[in-house]
Amino acid sequence: MKRFPAFIDLNARAAVIVGGGAQALAKARLLIAAGARPRLIWPSFAAGLRAELDGKAELVARPPAPGDFDGAGLAFIAVDGDADAEALARMAKAAGALVNVVDRPELCDFTTPSMIDRGRLTVAISTDGAAPVLGRKLRADIEALLPSRAGALADFAARYRGAVKARVAEGERRRFWERFFDGPVAAQVLAGDEAGAHETMIEAINRPSQEQPEGVVHIVGAGPGDPDLLTVKALRLLQGADVILYDRLVGEDILNLARRDAERVYVGKANAHHAVPQSDIEARMIALAREGKTVVRLKGGDPFIFGRGGEEVDALRAAGVRVFVTPGITAATGCAAAAGMALTHRDYAQAVTFVTGHAKGDADPDLDWAALAALKNTLVIYMGVATAAKTAAKLLDHGRAPSTPVAVIENGTRSDQKIVKGALADLPALIAAGRIEGPALLVIGEVAALADGQTLLSLVRQERSAA
Ligand code: SAH
């Protein structure tokens with residue numbers, strides 16, 4: 001450690017900033033965020049600074065004088081090029097203030113770290129001025145892992161410190177708090193359900209300490225495949241999971257982002273055969289949560305779009321297990337972005353409909369084909385490759401033009417993404433010529449013409465030249 005980190009209470013001390021421009025404003029913002037009312041001293045202040053700091057800081061429009069630093073705890077010299085920063089620093093130091101000179105580490109008594117501000121919870125990173133870019137990068141990494149409501153969680157814990165001290169025996173307290181931060185109460189606070197969290201917390205405090213720890217299940221959307229399309233929250237939950245139950249659509253590159261010692265359980269389906277029946281998956285999650293585990297149920301795309309996430313929530317709730325849902329980017333929006341095709345491009349569509357090609361145990365769902373065939377409606381069909389010929393025939397029967405553009409996107413957003421496009425009348429031929437085998441979406445409607453991808457004609461030509 002090159003410098004001593006400390007968190008300073010600025011309510012009790014004056015903080016002085018010398019300067020009137022952008023640097024001074026940046027320091028003032030930091031001090032105000034820490035609850036201070038800084039005093040800025042400089043002959044002139046930028047108009048933007050005046051406007052922003054109005055009522056939040058004291059502006060003294062004259063050159064600084066030695067007496068200005070009397071009683072100041074911290075002083076920032078935030079002046080530009082021509083001013084004599086060194087002399088100003090000397091003046092402040094002579095009055096006993098700790099001094100920071102912007103961009104002059106050799107003159108600094110203290111430096112300002114890269115910071116993450118979550119209210120009561122603060123993370124500060126220093127490289128001793130050696131590599132500020134590294135500091136900022138680490139800050140971004142930690143920022144991604146730290147829930148945005150982490151400060152609220154610290155506040156929540158602060159409110160119960162006394163009660164926990166009174167009700168939980170000393171030897172048990174540490175374990176109590178560990179369970180608290182891993183368990184359902186913390187999950188509720190982080191999800192924004194403070195009222196529910198208070199209820200659960202009061203139950204927990206009043207429960208004898210030897211009782212079963214309570215686990216929690218997070219049903220998490222993993223997005224369409226590209227790991228960069230995970231949500232920040234999904235990433236954080238993966239890093240905090242004890243057990244991850246994942247589907248076939250979730251790739252290795254996403255699983256590798258999980259905590260290294262998390263247990264991984266594959267519960268996906270191989271082809272059309274159900275490797276693990278849905279009821280077993282649900283029973284397993286319930287059992288793991290009852291063991292006190294933090295379970296992440298990781299599902300492709302968004303858990304509530306054709307993902308059976310709804311059934312899983314029902315089963316967990318019925319078993320009294322706390323369950324939280326984190327949305328993901330669904331295949332339709334992920335694939336549309338990857339194909340450069342706006343699903344509701346104003347010129348072509350006023351609606352978009354997500355349809356499954358497979359309803360519950362039924363390969364030919366009883367859909368309202370007339371409505372689906374309506375003009376200016378983009379149809380996105382999930383799990384629709386096997387039934388594509390039927391779908392095309394139904395839409396044609398209900399008046400959709402044979403020339404209606406279609407696009408088939410396989411493994412969208414992944415490195416092996418494939419897009420083929422053509423006309424509705426040729427949909428089965430397109431799928432055959434494109435050799436579509438992986439998870440794929442059908443997009444039917446005028447916007448499909450906008451997709452980047454090979455046309456049926458070019459596929460057929462390719463086929464011929466290969467033969
Ligand atoms: N919950 C998921 C969908 C599950 S159903 C979601 O929100 O995306 C599975 C179907 O989703 C697949 O048969 C396929 O039609 C579609 N799908 C999922 N990922 C896909 C991808 N990367 N590219 C194309 N289609 C995909």
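These numbers come from the heavy atoms of this one structure, side chains and all, not from hydrogens, waters or symmetry mates. No experiment lies behind these values; they were computed from the predicted model shown. Order of appearance sets the numbers: ligands from 1, and atoms from 1 within every ligand.
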Who's the nearest protein heavy-atom neighbour of [atom], and how far?
atom: atom 4 (C) of ligand 1; result: Phe306 O, 3.4 Å
atom: atom 8 (O) of ligand 1; result: Ala331 N, 2.9 Å
atom: atom 14 (C) of ligand 1; result: Ala440 O, 3.4 Å
atom: atom 7 (O) of ligand 1; result: Thr330 OG1, 2.6 Å

Any Lys299 side-chain heavy atom under 4.5 Å of Ile219 side chain
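Yes, side chains in contact.
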With a 4.5 Å cut-off on side-chain heavy atoms, are Leu229 and Pro224 touching?
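Answer yes - side chains close enough.
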Scan the side chains in residues 428-448 for donor-acceptor partners under 3.5 Å anywhere in the protein, sequence neighbours excluded, and list what turns up.
| residue | atom | partner | partner atom | Å |
| --- | --- | --- | --- | --- |
| Arg435 | NH2 | Glu463 | OE1 | 3.4 |

Donor-acceptor pair, Arg118 side chain versus Leu146 backbone, under 3.5 Å?
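The answer is yes, because a donor-acceptor pair under 3.5 Å joins these two groups.
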Short question: side chain of Thr333, backbone of Ile329 - any donor-acceptor pair under 3.5 Å?
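Not a single qualifying donor-acceptor pair exists.
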Residue from Arg264, Lys293, Arg259 passing salt bridge (charged side-chain N to carboxylate O under 4.0 Å, His left out) with Asp242
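Among the candidates, only Arg259 passes.
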With a 6.0 Å cut-off on the ring centroids, do Phe180 and Phe176 count as close?
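Centroid separation for Phe180 and Phe176: 6.0 Å or greater.
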Mark up the atoms of ligand 1 that fall under 4.0 Å of a heavy atom belonging to [X], in ascending order.
X: Leu249; value: 9 (C), 18 (C)
X: Cys335; value: 23 (N), 24 (C)
X: Pro439; value: 23 (N), 24 (C), 25 (N)

Please confirm whether [X] comes within less than 3.5 Å of ligand 1 when only nitrogen or oxygen atoms on both sides are compared.
X: Asp302; result: yes
X: Gly412; result: yes
X: Tyr382; result: no
X: Gly384; result: no
X: Met383; result: yes
X: Pro224; result: yes

State whether Lys421 and Asp452 are salt-bridged, where the test is any N-O pair (Lys NZ or Arg NE/NH1/NH2 against Asp/Glu carboxylate O) under 4.0 Å.
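No, this pair does not count.
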For Asp141 and Lys137, run salt bridge (charged side-chain N to carboxylate O under 4.0 Å, His left out): C-alpha distance rounded to whole Å, both residues' side-chain angles, the deciding distance at 0.1 Å, then the answer.
CA-CA 6 Å; Asp141 290 349; Lys137 204 187 122 38; 3.8 Å; yes
Taking 4.0 Å as the limit for heavy-atom contacts, which would you say applies to Asn411 with ligand 1: side chain only, backbone only, both, or neither?
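Under 4.0 Å from ligand 1, Asn411 contributes backbone atoms alone.
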Where does Ile409 meet ligand 1, judged by heavy-atom distances below 4.0 Å: at the side chain, the backbone, both, or neither?
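For Ile409, only backbone atoms sit under 4.0 Å from ligand 1.
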Between Thr112 and Lys27, do the side chains contain a donor N or O and an acceptor N or O under 3.5 Å apart?
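Side-chain D/A pair, Lys27 to Thr112: present.
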Using a distance-only test with no angle check, is there a side-chain donor-acceptor pair under 3.5 angstrom linking Asn377 and Thr353?
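Distance-only check passes for Asn377 and Thr353.
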Between Gly307, Gly300, Gly221, which one has a non-hydrogen atom sitting closest to atom 2 (C) of ligand 1?
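The residue whose heavy atom sits nearest atom 2 (C) of ligand 1 is Gly300.
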Going by the closest heavy atom to atom 3 (C) of ligand 1, which one wins out of Asp247, Ile305, Leu229?
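Going through Asp247, Ile305, Leu229 one by one, Ile305 has the nearest heavy atom to atom 3 (C) of ligand 1.
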Report the distance from atom CG of Leu49 to atom CG of Asp54, rounding to the nearest 0.5 Å.
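Output value for this atom pair is 10.5 Å.
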Are Arg414 and ligand 1 in contact, using a heavy-atom cut-off of under 4.0 Å?
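Yes, Arg414 has heavy atoms under 4.0 Å from ligand 1.
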Gly225 to ligand 1, any heavy atom closer than 4.0 Å
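The answer is no, since Gly225 has no heavy atom less than 4.0 Å from ligand 1.
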